[in-house]
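Chain A is the first sequence line, chain B the second, and so forth, proteins listed ahead of strands; every chain is numbered from 1. As the structure is a prediction and not an experimental result, all values here were calculated from the model.
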Amino acid sequence: MRLEVDIQSKSYTSANGKRQQVISGIAFTLERGELGVVVGPSGCGKSTMMRILAGLDADYDGRVSQPAGARLAMVFQEPRLLPWRSVEDNVRLAAPEVTEERLTAIFGVLELEGHRNHFPGELSLGLARRVALARAFAVEPDFLILDEPLASLDDALAAKLREEIATLVASRPMITLLVTHSMDDAVRLGDRIFLLSSRPARLLHAVPISVPRAQRSDATVAALKADLARRDFSMS
Amino acid sequence: MRLEVDIQSKSYTSANGKRQQVISGIAFTLERGELGVVVGPSGCGKSTMMRILAGLDADYDGRVSQPAGARLAMVFQEPRLLPWRSVEDNVRLAAPEVTEERLTAIFGVLELEGHRNHFPGELSLGLARRVALARAFAVEPDFLILDEPLASLDDALAAKLREEIATLVASRPMITLLVTHSMDDAVRLGDRIFLLSSRPARLLHAVPISVPRAQRSDATVAALKADLARRDFSMS
Amino acid sequence: ALLPLSTSRAAETVKVAVQKTGTFAWELAVVRAHQLDKQADIAIDAVELASPEAGKIALRAGNADIMVSDWLWVSRERALGARLTFSPYSSALGAVMVPASSPLKTLADLKGRKLAVAGGPLDKSWLLLQAALKRDGVELKSQATITYGAPPLLAAKLADGEMDAGLNYWNFCAALEAKGFRRLAGIEDILPAFGAKGRTAMIGYVFDEDWAAKHRDLVARFLSVTAKAKEILATSDAEWQTIAPLTGAPDEATLRAYRDRYREGIPRRSAAEEEADARILYGVLASIGGRDLVGPAAELSPGTYYRADARD
Amino acid sequence: MLRLLSFALLLATWWVAATIAGSAKLPPPSAVLAVAIAEAKSGALFLHLGATLARVALAFTLSMAIGSALGFWMGRSRIANRLGDPWLILLLNLPALVVIVLAYIWAGLTEVAAIAAIAINKLPTAVVTLREGARALDPSLDEMAQVFAFPRGRILRHVLLPQLAPYIAAAARSGLSLVWKIVLVAELLGRPNGIGFEIGVAFQLFDIPLLLAYSLSFAAVVLVIEALLVQPFEQRASRWRLRAA
Amino acid sequence: MLRLLSFALLLATWWVAATIAGSAKLPPPSAVLAVAIAEAKSGALFLHLGATLARVALAFTLSMAIGSALGFWMGRSRIANRLGDPWLILLLNLPALVVIVLAYIWAGLTEVAAIAAIAINKLPTAVVTLREGARALDPSLDEMAQVFAFPRGRILRHVLLPQLAPYIAAAARSGLSLVWKIVLVAELLGRPNGIGFEIGVAFQLFDIPLLLAYSLSFAAVVLVIEALLVQPFEQRASRWRLRAA
Ligand SMILES: Nc1ncnc2c1ncn2[C@@H]1O[C@H](COP(=O)(O)OP(=O)(O)OP(=O)(O)O)[C@@H](O)[C@H]1O
Ligand SMILES: Nc1ncnc2c1ncn2[C@@H]1O[C@H](COP(=O)(O)OP(=O)(O)OP(=O)(O)O)[C@@H](O)[C@H]1O
Ligand SMILES: [Mg+2]
Ligand SMILES: [Mg+2]
């Protein structure tokens, strides 16, 4: 099971008829168990790429071979909850086989226990994003796409959830793609980091991180970040 | 012109009938020219407070005296653009007196020039948030509320926009309130930092920052952050 | 030379409601063509309407002084308090029609057949037919399959063979006749069995009694004008060619059928004779139609018939 | 109970209007009620009301089901819309009388013909409303459902129906009233029972109280259904909408 | 041009059906067209069509304007809804025939009575649809408009109308067809001209080609208006909706 990506080009035709290229060349493969992090400037085409990888958009040049038969879960950049279903129902609808036990565990970690019966409209944005995370976790996916999952959360909670993601990834052999603007998240979680150029997105660097996730001390992280910062600027 | 806030209590009745307190005591005043930063855990009641300050919610115990006759502008936590109007129209509808010159300047800073004629549905989330910022800037407000304006932007752009906010605040005597999860933003921009407890939100500390904004070097910022981190944990 | 004189005096106006496809419209065409109205110095202001029931609305709404309906309804209205009155217009009644090849020979043969009844359960012809057969011990309502419906639709249904027989208004019967259908019996044929002395005009001009009291002369002139028109239609075949387009007759045969049936229907008897028969028929109808039909009055309401000579 | 108050006001208005206009122009509620009670006692009211309700229920269910499905399809597929549009406009603007007469001519004066004709009359308005609803669907929720591999039934029930609910409610309410109005015409033209048949009789007799008694009986049934069934359900189903502050 | 193709298909279907059923049951398009041309040449078609169109336009405008305003109000205010609901249900379920007859009795067989009666018939369906639309409005955009102190007119035009557009479109389309159908009844019962009058005549004469010629003339007008005006406008106005991928 592996993910092979080779997007040569992706363009949008906007409502006023103009055509605009958004992706101009992104190719990589990701093996089972690997976590790839996608980093790039705002509006460069990251979410567009994730939609293609998730099979939501087939209108592009190139080829993506999704892991066959893999269960997909995705945390979209916005929560995308069903406003007319409770928090619990939103999760259960996506993951009907989830056990009560596991659900309680997930809600516990995400500090959502008190919000089970709330409707999404009654949540703060941070809470809603956590529900979206809970939904993805509950699915127990083989292929997980996270589009800025930790935005709008406070530092303490974000750190905790980063750990949680690391635990999840370690617990089962799955392919994970994480989009983030936080270099810290990228370096702490990623096995490989894909640096994209600004629009149209092109893969600038695919930086592998060889230090195992568990052994990344604050010092290693700082060093890796410094390294990345150099590369990033040298080409973009 | 000053903003006097004394919210004793705010509760919501959720759809299943339960009543839940969200704010249990927040009182402060902000003078013209000051920038207050609100920091607190996810879901503690920050956005709720901002809605009260903006006059969108009158159902609370306490008193808020909004600056009389002040022009209000707000960047909501979600972009809240009119999906059926172009980017430019969205801005112009909120700020009909904006000159073409100023609009171009604002779009330039926010790197939106190429998106003027796009509809909001054709924007990435980061772009949409920038449009919401452009809208607030274009209004030239006397009272500006920013609810996590820099989330979902890459570091470089976020730094640039932080500068832009500092410039705007310096250029005219206005009252600004900024909600953020980034201590960095808080310390770099704020005149006073309001630390809130988790739900129901209570004002834990109101920390004044005496160093003028322009003189906050990286070292000062780090020191201030360390100071804040201590306080934050000591009480929450 | 007389013309300026007659136009200088403003002719009195009478507003009448006419159904565009009805016989009243034919008569009015004749009136106009022969300037009978001008000669009688009245102006007939016709409100043309497309459905048979619209006349009642026009009368109630005050848009018409005169419309065409039956004495049964007038009597019912009078019993309910309205001061309407009636003057005979036509004795043409419906008939039971069957296809030419139909095995049905007499009305009693309708037993067990599919019969289309135009105008609903309270239709006069239908009630009279039931009453007549009842005397022979036939409960037609339960012993035949009855289909009610709009008259034109039922005529079409009979024509295309969906029904064994149809009781319809005389004009639809005339059209069917022209197509080769057979009259099993006309309703007027069964009236003598109830004791009626002759053909009784069921329908007539209906107008408000108080209005008529104030315009006795006008009413008289109107009645004489229309009587003249009837006379012209009764005697002149050429006249029928002129009004042919109005009748909607698709061919000569139908027009001829219309003409003959129309002529038969012109009332020839005095109002008193008509009223006497109406009383008898009223009893028959009331006994079979019940309160639904006649309202609270058990007998023909007094004053139902308009008396030109009566003074109040 | 604002609703009861309003209902009382309605009756009062009618009473006053009747008093001013005179009972020949508008019979007072008491007169209509008396007729209704008389008809109810004789059993005729229930007989006709039952026949009409059965027709309404059948034609309504049929046309809502088919119309919603077609409308949804036309709202989602550009090709379906292009192909269906001329038919839709034709059906929409074909007078009820014509459809009913043609149906009776084709299929005989039968119950099937009546119900088919009524359903065909109502169908296009359901299509038109649901088409708008389908066009306004939120594609981001579709994507969510696709990513999480929601089966068809779950998509329908949890993703689509809640979004279409206001359109369905609008189509159903105005549709029910339309069906009922057309049932009347169909009964008037060629059925031996039903409210429309009685209205035809009342109209021939020009008996306004009888006309009103039968007309209002259906409105009364709808009023009761709305108050006891539809509105409590709607309130539950729209609990998630946050009331305006 | 899929639309033209579909239109051709429609005509072809009709032709085939007519051939199979025989012209007594369904006249072929050519026969109807011939009658329509004859009526057009004599000028009668345009006379009646003109009269009907004028009535439709007036009643439609009136009922859409008042109905939309009322519906919006009832959707936004709980009290207005409670108060208005019984009236709404009554109006919704009052047969067209009854309203028209009462209007004619009250106000005479006049143009005003006809148009008022038609408008009253159509009004409640607009109310019902727009009420749903108003209930589904997005409160977050309201808040945005309030914060930025949008004046009323700007809110209406830029915030509310685009959200209500699908509901207005649904109400207008099904409403236009409803108005037209009721105009026919009103003309049948008490107007001396108009398509409904001619349809009544054609029905009495049971002249099916004439009936169809007049019935379809209005559908033809709507077809042309839709193709040339409404649909291009709608397409422009909904450019912002992203097509499904
Ligand atoms: N309409 C509502 N009905 C019921 N509860 C609500 C409602 N709106 C917000 N809440 C609750 O109030 C609390 C505070 O919400 P608020 O949006 O103010 O949080 P916040 O501090 O802005 O959080 P975040 O950082 O995630 O944006 C949350 O627990 C939320 O569930
Ligand atoms: N449906 C669309 N039609 C036209 N242009 C689009 C559409 N969707 C996205 N775009 C454009 O494609 C570009 C990339 O969008 P995308 O959402 O992939 O950005 P992103 O990298 O996820 O940005 P962010 O970090 O802000 O989320 C943007 O410039 C956007 O304007
Ligand atoms: Mg994105
Ligand atoms: Mg918030």
Side-chain angles (χ1 to χ4, degrees), chain C residues 15-25 45-65 67 82 118-119 149-162 166 168-169 171-172 174-176 179 244-251 254-255 258, chain E residues 21-27 31 35 38-39 42 44 47-48 51-52 95-114 116-117 183-211 214-215:
Chain C
K15 294 178 289 177
V16 297
V18 275
Q19 197 199 335
K20 195 186 172 189
T21 50
T23 51
F24 194 12
D45 179 3
V47 188
E48 275 203 334
L49 299 164
S51 80
E53 312 306 334
K56 289 172 183 166
I57 302 177
L59 187 66
R60 182 81 56 106
N63 289 78
D65 301 321
M67 46 85 67
L153 186 60
L154 291 182
K157 285 281 145 190
L158 182 62
D160 69 17
E162 194 177 318
N168 215 321
Y169 299 160
N171 51 321
F172 293 103
L176 285 169
K179 282 196 195 125
L246 279 180
T247 65
D251 47 45
T254 312
L255 187 65
Y258 281 160
Chain E
S23 68
K25 294 211 159 187
L26 181 69
V35 172
E39 291 292 309
S42 81
L47 191 92
H48 291 298
T52 297
L97 180 79
V98 173
V99 176
I100 293 168
V101 168
L102 286 181
Y104 277 147
I105 294 179
W106 280 49
L109 288 173
T110 60
E111 212 59 64
V112 174
V183 164
L184 295 187
V185 181
E187 288 174 347
L188 194 68
L189 290 180
R191 294 283 70 213
N193 54 23
I195 305 274
F197 177 82
E198 274 302 310
I199 286 184
V201 170
F203 181 55
Q204 290 299 327
L205 301 173
F206 219 69
D207 184 340
I208 305 289
L210 189 65
L211 193 69
Y214 272 100
S215 305

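- Of the atoms belonging to C:Ala17, not a single heavy atom falls under 4.5 Å from chain E.
- Contact detail for E:Tyr104 and C:Ile57: the closest heavy-atom pair is CB-CG2, 3.4 Å.
- Of the listed residues (E:Leu188, E:Leu205, E:Ile199), the greatest number of heavy-atom pairs within a distance under 4.5 Å of chain C belongs to E:Leu188.
- Closest approach of E:Leu189 and C:Ala54 over heavy atoms only: O-CB, 2.9 Å.
- Heavy-atom pairs under 4.5 Å with chain E peak, among C:Gly248, C:Gly62, C:Ala156, C:Ala155, at C:Ala156.
- Pairing each heavy atom of E:Gly190 with each of C:Leu49, the nearest pair is CA-CD2, 3.5 Å.
- Taken from CD1 in E:Ile105 to CG in C:Leu59, the straight-line distance is 10.5 Å, to the nearest 0.5 Å.
- Comparing C:Asn171, C:Leu153, C:Asp160 by heavy-atom pairs within less than 4.5 Å of chain E, the highest count is held by C:Leu153.
- The heavy-atom pair separating C:Phe172 from E:Gln204 by the smallest distance is CE2-O, 3.3 Å.
- Between atom CG of residue E:Leu102 and atom CZ of residue C:Arg60 there is a gap of 10.5 Å, rounded to the nearest 0.5 Å.
- Closest approach of C:Ala61 to E:Gly108, counting heavy atoms only: CB-CA, 3.6 Å.
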